[in-house]
Structure formats: C-alpha cells, structure tokens
Amino acid sequence: MSDRHPHEHGSHEHAPHGHAPGTPGLRHRLAHLLTPHSHETAGKLDPVLESSARGMRALWVSLAVLGATALAQAVVVAASGSVALLGDTVHNAADALTAVPLGIAFVLGRRAATRRFTYGYGRAEDLAGLVIVLTIAASAAFAAWAAVGRLLDPRPVTQVPAVALAALLGFAGNEWVARYRIRVGREIGSAALVADGLHARTDGFTSLAVLLGAGGSALGWHLADPLVGLAITAAIVLVLRDAAREVFRRVLDAVDPALVDRAEHAVRQVPGVRAVGELRLRWIGHRLRAELTVVVDGEATLRQAHAIAVETEHALLHAVPRLTAALVHADPAPLPGEADPHLALAHHATT
C-alpha cells in the first residue's frame, strides 16, 4: 500500500495497487476522514465532507421553502375545494418530505467504512433516490384519484382569486427550489438530489396548470379544475420517468462514458505507463471510485511499478471530478513467447 498524500480532491486514500497487503485501522481512517486536506491551506474542510454538508443545506433550505408553500396552499384548498390545487399541494408536501430520506443518506454517507461495509455507506444515497421515485409515483396516483373523483362528481370552485394566487406561489417556490437542488446536486454529483430537483421543477409547472384551471372555473367551466388535475398527473408521470431513469442508472453503476475517456487519457499521459487495460468507474453515493490496470516495463522493480501506480492514481484524482480513490494494478509488458501471467485465473472467468 502506498503512503497517503494530501490533495485537493477530498478524503481519498491511495488504495492498494496490487502490492503489499494490509488495511489502515479504524483510528487512522477516522483521522484521515476528519483531517482537512489541501495543497493550499490545512484550514479548509475536506471536499467530500463539504459536498455532504452542501447537500444537507440544500435539503433543509428546500424543506423550509416547500413546507411554507404547501402550508399556504393547503389553507386555500380548504377554503376553495380545488382538486387541482389539492394535487399540487400534496405533491409539494411530498417533495418537501423527500428531504428526510436524503438527509439520512447524507449523514450515513459521512460515516467511516467498516469491515462489513468496506466501501462505506454512500449507497444509502441511491436508496434514498429510490424512495424519492416511489414518493413521486404515490403523489401521481393520489392526484389522479382526486381528479377522477371530481370528474364523476363536479363541484364549483370557490375563492378563485385565492386559488390563482396560490398557484403562482407554488410555481415560484418550486422553481427556486428546483434550480437550487439541481445546481447543488450536479456540483456534488448526487443523482438523488438532481432527481429531487427535477421533481420540484415539475411541481412548478403543475402549479401553472392550476392557474389555468382557476381561469376556467372563473368562466363557469366546472370541469376545468379536475381536467387540470389529470394534466398534473400526466406531468408527474413524465418527471417520474426522468427521475427513475437517473436513479436506476446510478443503482446499476452507470457512468458518463466521457468520464471513462477522460480517465483513460489522463492515465496514458503518466510516465512509465505503456498501455491502459481494463478501467472501471463506479459511483458510491456522490463519490466516484476507479479500478484499472496499467501496463509497465516488465523489467521495472517493484518500487518503480508502485511509484507508477501512485502517480497514475494522482493523475486520475486531478483529472476526474469527484473521484476519491483508485485501485491501480500494474501488469508487466509481455516478452516475446512469454505465457500470459493471468493464465492461472482463466478457469475462474465467467462466460
């Protein structure tokens, strides 16, 4: 295992490179996790911890804004009887409450790895993303149920100006929250937070649909309100599709192919690397880890091969955003007529 070196990339560890065995103790891991690392100043927060803190801030600010919006809308729902606004209010409340599983996930993600959870608890964030997808689906089902019920039993909507004002308030609150969540989610690499932001953005557009329903009700068209409720349901289903795709890709370890290209390019520039073999990237929460093989001079000593592996990880940490560690294996360049050194593993390969 190589020594640890301070970088600007967070609490990464120079993982084993296929050389000496051993793992750092719990005390060492905790010290490394809690100690700031930077080329510039030792007083800066570790970027990995800072990314979780930013995610938490985004969640609680969003919870406050959407909670206040839903509460104001609920008052108008009680006075007006608008099912379109009811669907929007329920969706806003559900969106606010998704801060709870995400908040728990961000807290868990900051815990140190254990001998059982050797990669840490970052996957809790992906589970939170699944909870968000289920929440969106439930809110769509409720909005559809309320709208169909009102179509079968039409009733006039009262307090139309208040409904229109509540709809505008819902749009403003949701669009602000959506921009904030999506921006922070993309900056820290959190698919769950981005999905939550997309959820909020759809809420904003459904609030505008409520405004159209209020206009139809003002003109005496009683079916306008439940029809807008059904339109809101359709919009929720569309965002459900986008959010589910984002979250399930993350659960299945999908990464942007451009990140793989970027990583390969960086590795090829490392002195001593003759070729890049298999390279894998995976998300653990909003952090990336890499596993790769590099081909080095077959006559290189163990120390020289280790130094190349360390420099390879260093290059990756600079080149790939949100990468926290890389496991680098050095293979010797084959000589003419030499048997494949991995031949003994061939019968373990899956087909």
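Under the 4.5 Å side-chain heavy-atom criterion for Ile, Leu, Val, Met, Phe, Trp and Tyr, W60 and V65 are members of the same hydrophobic cluster. The hydrophobic cluster containing L316 does not contain Y119, counting ILVMFWY residues as joined when their side-chain heavy atoms lie under 4.5 angstrom apart, directly or transitively. At a threshold of 4.5 Å between side-chain heavy atoms, the hydrophobic network of Ile, Leu, Val, Met, Phe, Trp and Tyr places F171 and L165 in two separate groups. Side-chain heavy atoms closer than 4.5 Å link hydrophobic residues (I, L, V, M, F, W, Y) into clusters, and following such links, possibly through other members, connects V320 to V276. Cluster membership check: V177 shares its hydrophobic cluster with V61, using side-chain heavy-atom separations under 4.5 Å among Ile, Leu, Val, Met, Phe, Trp and Tyr.
When atom types are taken as modelled, the side chain of Q73 and the backbone of A166 share a donor-acceptor pair closer than 3.5 angstrom. Listed for the R262 side chain is a donor-acceptor partner under 3.5 Å among the backbone atoms of A319. No donor-acceptor pair under 3.5 Å is formed between the side chain of E311 and the backbone N or O of I308. E313 contributes no side-chain N or O that, together with a main-chain N or O of A309, makes up a donor-acceptor pair within less than 3.5 Å. Side-chain atoms of E291 never come within 3.5 Å of backbone atoms of L327 as a donor-acceptor pair (strictly under, hydrogens ignored).
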* To do: Walk me through it: do L292 and E278 pass the test side chain to side chain contact (heavy atoms under 4.5 Å, CB included)?
  => CA-CA 5 Å; L292 69 152; E278 187 178 54; over 6 Å; no
* For V260 and V255, what are the C-alpha separation, side-chain angles and deciding distance, and is it a side chain to side chain contact (heavy atoms under 4.5 Å, CB included)? -> CA-CA 8 Å; V260 180; V255 297; 3.9 Å; yes
* Asked: Taking it one step at a time, do R289 and I284 satisfy side chain to side chain contact (heavy atoms under 4.5 Å, CB included)?
  -> CA-CA 7 Å; R289 292 185 70 98; I284 301 178; 3.4 Å; yes
* Carefully, step by step, assess W283 and R322 under the rule side chain to side chain contact (heavy atoms under 4.5 Å, CB included). => CA-CA 9 Å; W283 287 99; R322 292 181 289 277; 3.5 Å; yes
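Residue pairs meeting the side-chain hydrogen bond (donor to acceptor under 3.5 Å, both in side chains) criterion with at least one partner in residues 232-244, sequence neighbours excluded, are D242-R245.
Between A74 and T89, the shortest heavy-atom distance links the atoms N-CG2, 3.9 Å. Nearest heavy atom pair, residue A325 against residue L317, reads N-CD2, 4.1 Å. Of all non-hydrogen atoms in A178 and G197, the two that sit nearest each other are CB-O, 3.3 Å. Residue A113 comes nearest to G120 through the heavy atom pair CB-N, 3.7 Å, listed as atom of the first residue, atom of the second, then distance. Shown here for V133 and A244, the closest heavy-atom pair between the two residues is CG2-CA, 3.8 Å. Of all heavy-atom pairs spanning P332 and G298, the tightest one is CB-CA, 3.7 Å.
With a 6.0 Å radius and a threshold of 12 heavy atoms from other residues, nucleotides or ligands, E299 has its CD atom at or below the threshold.
For the salt bridge (Lys or Arg N to Asp or Glu O under 4.0 Å) test, residues two or more places apart in sequence or in another chain that qualify with E175 are R179, R201. With sequence neighbours excluded, the residues satisfying ring-ring contact (aromatic ring centres under 6.0 Å, His included) with W145 are F142. Here W176 pairs with Y180 under the ring-ring contact (aromatic ring centres under 6.0 Å, His included) rule; sequence neighbours left out. Listed by chain and number, the residues in a salt bridge (Lys or Arg N to Asp or Glu O under 4.0 Å) with R249 amount to none (sequence neighbours excluded). Every residue meeting the ring-ring contact (aromatic ring centres under 6.0 Å, His included) condition with F117, not counting sequence neighbours, appears here in chain and number order: Y121.
Residue I104 holds its CD1 atom at 11.5 Å from CG of L127, rounded to the nearest 0.5 Å. Atom CZ of R274 and atom CG of D331 lie 12.5 Å apart (nearest 0.5 Å). The line from CG of L259 to CG of L288 is 6.5 Å long, rounded to the nearest 0.5 Å. In this structure, R287 CZ and E125 CD are separated by 8.5 Å, a value rounded to the nearest 0.5 Å. In this structure, OG1 in T69 is found 6.5 Å from CG in N174, a value given to the nearest 0.5 Å. Here OG1 of T301 is found 11.5 Å from NE2 of H306. Values are rounded to the nearest 0.5 Å.
For the pair V273/V295, no side-chain contact is recorded, criterion being any heavy-atom separation below 4.5 Å from C-beta on. V194 is listed as a side-chain neighbour of R186, based on a closest heavy-atom distance under 4.5 Å.
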